[in-house]
Amino acid sequence: MRAKTAMKPDPRLHFQAPLLETPFHPRTSAANRLNAWVPWGGYSTVLEFEDLAMEHSAIRNAATVYDLCPMVKYRVRGREAAAYLNRLTVRNVAKLQVGSVHYTIWCDDAGKIVDDGTLFRLADDDYRICCQERHLPWLLDSAHGFDVTIEEVTEEIAALSLQGPCSYAVLKAAGFDVETLKPFRIATFPVDGGELMISRTGFTGDLGYELWTSPDRALALWDRLFEAGALYGIRPIGSAALDMARTEAGFIITNLDFIPAHQAVREDRVRSPFDMSLDWMIDWEKGHFNGRRALLAEREKGSEWAFVGLDIEGNVSAEHAIIYHDKKHEVGQITAACWSPTVKRNIALAHVKRPYHAEKSGNLWVEIYAMRELQYVKLMLKARICERPFFKPARRTATPPGLF
Amino acid sequence: MIYDAVIIGAGHNGLVTAAYLARAGLKVMVVEKNDWVGGAAVSRELYPGFTYSNCSYVSSLFRPEIMRDLELPKHGLQILPYEGGAVFTEGDGYLGMHRNHDANRREIARHSPRDAEAYDRYARDVLRHCRFIRPMLLRTAADPASFRPRDMAELAWLGKQMFGLSEMAMYDMIRFWTMSIADFLDEYFENGVVKAYQAVASIIGTALGPMSPGTAYVLLHHAMGDVDGNVGAWGFARGGMGSITKALTASLTAAGGEVRTGSGVAKILVRNGRATGVVLENGDEVHGKRVVSNMDVKRTFLKHVDEAELPGTFLKRVRNFKIRGSSGKLNIALDRAPKFTALPEGSPYMKGDMHFTDSIEKMERAYDDWKAGHFSRDPFQDMMIPTMIDPTMTPPGKHFMSCFIQYAPPKIEGNDWTDQDRDAFAETVLNQIEAHAPGFKSSVLHYEVRTPRELEKEVGLTEGNIFQGELTFDQLLFNRPVPGYAQYRSPIRDLWICGSSTHPGGGVMGAPGRNAASEILRDMAKPSKDMSDAYAVL
Ligand SMILES: Cc1cc2nc3c(=O)[nH]c(=O)nc-3n(C[C@H](O)[C@H](O)[C@H](O)COP(=O)(O)OP(=O)(O)OC[C@H]3O[C@@H](n4cnc5c(N)ncnc54)[C@H](O)[C@@H]3O)c2cc1C
């Protein structure tokens, strides 16, 4: 059944509740036993529903639901949408087939990253960008000379992420056949006079899907998943659990792992695709794109930073720690870290000055101030640069997927 | 009795200079022509039970280092950040301003979804300019023509600041310091109302229109302050702006300094090329080893010093110093809060700045009237009701309204303002408010009108210019007030200047006063141990 569309509230009254509720709010608030809310992208969102360890282990054990609505969404349509997106982003959009998704980044003219996100090709000339920050002026300015229309559609779409080894089983039980759906592909299903779009994407590095529908169908979707998932231990997760899972998967978050070029107040805080070790995405052959000239120069000249995964001795998590070479010279900064219950390692994501990411990575140390009963315990722990993702189960890409 | 320093004028800068000198052990005397202290940072009760902020009305620029050094909180100073803000638009609409980032974005999105998402980048860029200029506020500007070691060192410091910037940032900086606010805003926004709101701070106190080059800098001058580290935020001084100068006076007297009100300086005494004291209008003489003038540079040198004592080029430059008045003010005691028809019940907009000019073009037209020698027929207002937040200024339920108005020329078509002109000016302002808040006029208990004429007469601001001199690039940094004399000194030995005519300029900032004290102490080879270092910009 569909929820009645509520009367549109007076748009002037936003000051009464500056943070929006997502279309899933009736369900997330009922499940939010800790009442732990955090603002995210202009919405009230759940940090932790009940128990962080339970929520994280469900991601790796059962099936979890995460409310994705605050992700910023733009719709790009028109005859030259592909050409425009090729100009905007660094990857080759011509290679993106209808019904697929790719992860991508876009840069300013100086070749510094403006944001990362996923690009969905919904039809021949109909795309959706899904990202963390807001960019309408940049998207519009970049469209100069292209036959495209660009709209901000965040509030028009309700989205859930269903992740975990049992996520396929839950979808199946809910009546959605995604057996043949490969990673980064999209399927659509009719629901209650409308449409549900399912993409095999996610932010956990595990088997998982993202479900996209209209806000008026949000609650019905939630209920259908929880009904179908009851026997699979389905549970909602908050951002804290997701943050651990994404660190295990080695994924970055704008403004947590890098400062976007349009927001950095300090000029030296911006990062290029090379600095973030995302240069593998750049298609140098596809023609001009924003930042290409600067990036070509950087390819010649070399980059200052590298972005790496770290494995740190011991089990004390190293959030925001400084990295030293030979315990003396600062050579980097950790942006995300946790003790990983999944891989049983003390992991981190970090910016490291080149060449300490490779040739001179032999003698790296992390300085941790661990607060223990109102006193800092100072630790200098050995760190080793290692492959990302830290966790990469085969079930993530298996098609057809396993049932658990 | 010979004082170590005689300070002319108890404006906030004079008081800051005096307080620092007194703390350093000097015997100081401040002489003020009015019966009260404060200059343009003053609060007087003109209607029983109602405290006004008669001139300045909001605080952001006042340096926190000074508040701390001079222990102003202990002497009663409290700054209250304010909440909202709105510009009313034609047809009973408005654009509001919110401290909450998301509410602010959603509010702008009502007018332009694009501009809602442009705001952060705009704010970031303005903040970048602020970060560049903030470290300069509490430093004496280097003299680029001098080869003294300290000027060289200071220039090297400035060079380092510049070279820390990327090429692009340097281009942007130079453009920003010289361009008009209208052009600057066009680079970010599409919506006229959004631009009008942002342009407010760039014309305040300025005899320029939003389309005049140089106005972008004026925006920066209003954005570079902070309330407790929140750069760009503004607040009310609890009890009115006079609380700032009352606290300064208390701090000064606690340190052994003296203030003498009620008779102004007629003449600065100069003997053998050195300032030795002042003669007051009542004939009294006050002697000092040095004289520090808080009056603007024109008043100081053209009205109170013998011209024969001054070099010709200096005199010429002082005469040519631009100090055109452009602003007026209405201070209103209200029987009840106004009801603006556009504003929804419970909205926070009355707890901040309100405006009635919804386009840059209308602002420019208001400026056109000024150029023609009239006050604006459809003036621009920066209107506040501090009592929406401050419970101390009026009885409960009553309100004090402060209306800052542009444009008002120093003279009406070349003639002095008459009382009829003044009343017509006031009527224009009251009618503008009434149009948005019917019934407002009937709630007015009393009002005080200040045109440039009153500002000059009472505060001594030449031509009524609120900043003691315009904030155009040719009159900033080492060129403020005039080239060669940006270091608080004058051609006359022992005659110093410490008011807003000097670097870094006007506003209730205290920086000129502190910098002057620092130079005086340096000149005396006295340690300035009670002057903390400027806070670092991280
Ligand atoms: C209407 C108005 C609104 C303003 N609004 C704001 C605002 O909201 N926020 C803000 O930050 N800034 C504002 N400003 C600017 C700010 O108030 C001034 O730049 C600042 O207060 C000037 O301080 P000062 O100490 O340099 O000089 P002044 O305040 O001008 O002090 C000079 C002092 O010298 C005295 N004096 C003059 N002649 C003599 C004499 N012959 N003998 C003895 N004493 C004499 C005067 O009476 C006065 O007390 C406003 C100014 C005005 C006029």
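Note that these values count all heavy atoms, side chains included, but never hydrogens, waters or copies made by symmetry. Chain A is the first sequence line, chain B the second, and so forth, proteins listed ahead of strands; every chain is numbered from 1.
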Quick one: pull up [atom1] in [X] and [atom2] in [Y] and give me the separation to the nearest 0.5 Å.
X: A/R266; Y: B/R124; atom1: CZ; atom2: CZ; result: 11.5 Å
X: A/R12; Y: B/Y349; atom1: CZ; atom2: OH; result: 9.0 Å
X: A/H262; Y: B/E117; atom1: NE2; atom2: CD; result: 12.5 Å

So, does [X] use its side chain to make a donor-acceptor pair with the main chain of [Y] at under 3.5 Å?
X: A/Q263; Y: B/D120; answer: no
X: B/R114; Y: A/L136; answer: no
X: B/R128; Y: A/A264; answer: yes

*Validation row: A/E152, B/P113 side chains within 4.5 angstrom (heavy atoms)*: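 The answer is no; the side chains never approach within 4.5 Å.
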
*For residues B/P344 and A/D10, determine if any side-chain heavy atom of one lies less than 4.5 Å from a side-chain heavy atom of the other.*
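No, side chains not in contact.
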
*asked:* Under 4.5 Å from any heavy atom of chain B, what part of A/A17 do you find: side chain, backbone, both or neither?
replied: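 It is the backbone, since no side chain atom gets that close.
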
*Heavy-atom proximity to chain B below 4.5 Å, by part of A/D141*: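 The side chain, not the backbone.
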
Are more than 12 heavy atoms from other residues, nucleotides or ligands located less than 6.0 Å from atom [atom1] of [X]?
X: A/N35; atom1: CG; value: yes
X: B/M170; atom1: CE; value: yes
X: A/H144; atom1: NE2; value: no
X: B/D533; atom1: CG; value: no

*asked:* Among B/S347, B/G346, B/A118, B/A169, which residue has the highest count of heavy-atom pairs closer than 4.5 Å to chain A?
replied: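 So the answer, after comparing B/S347, B/G346, B/A118, B/A169, is B/S347.
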
*Grab the two heavy atoms, one from A/F15 and one from B/E345, that are nearest each other, plus how far apart they are.*
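Looking at all heavy atoms of both residues, the shortest contact is CZ-O, 3.9 Å.
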
_Quick check: closest heavy atoms across A/V265 and B/R131, and the distance to 0.1 Å?_
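Shortest heavy-atom contact: CG1-CD, 3.2 Å.
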
_Strictly less than 4.5 Å between heavy atoms, which residues of residues 82-111 of chain B line up against chain A? Please order them by number._
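When heavy atoms of chain A are the reference, residues 82-111 of chain B contributes B/Y94, B/H98, B/N100, B/D102, B/A103, B/R105, B/R106, B/E107, B/R110 within the under-4.5 Å range.
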
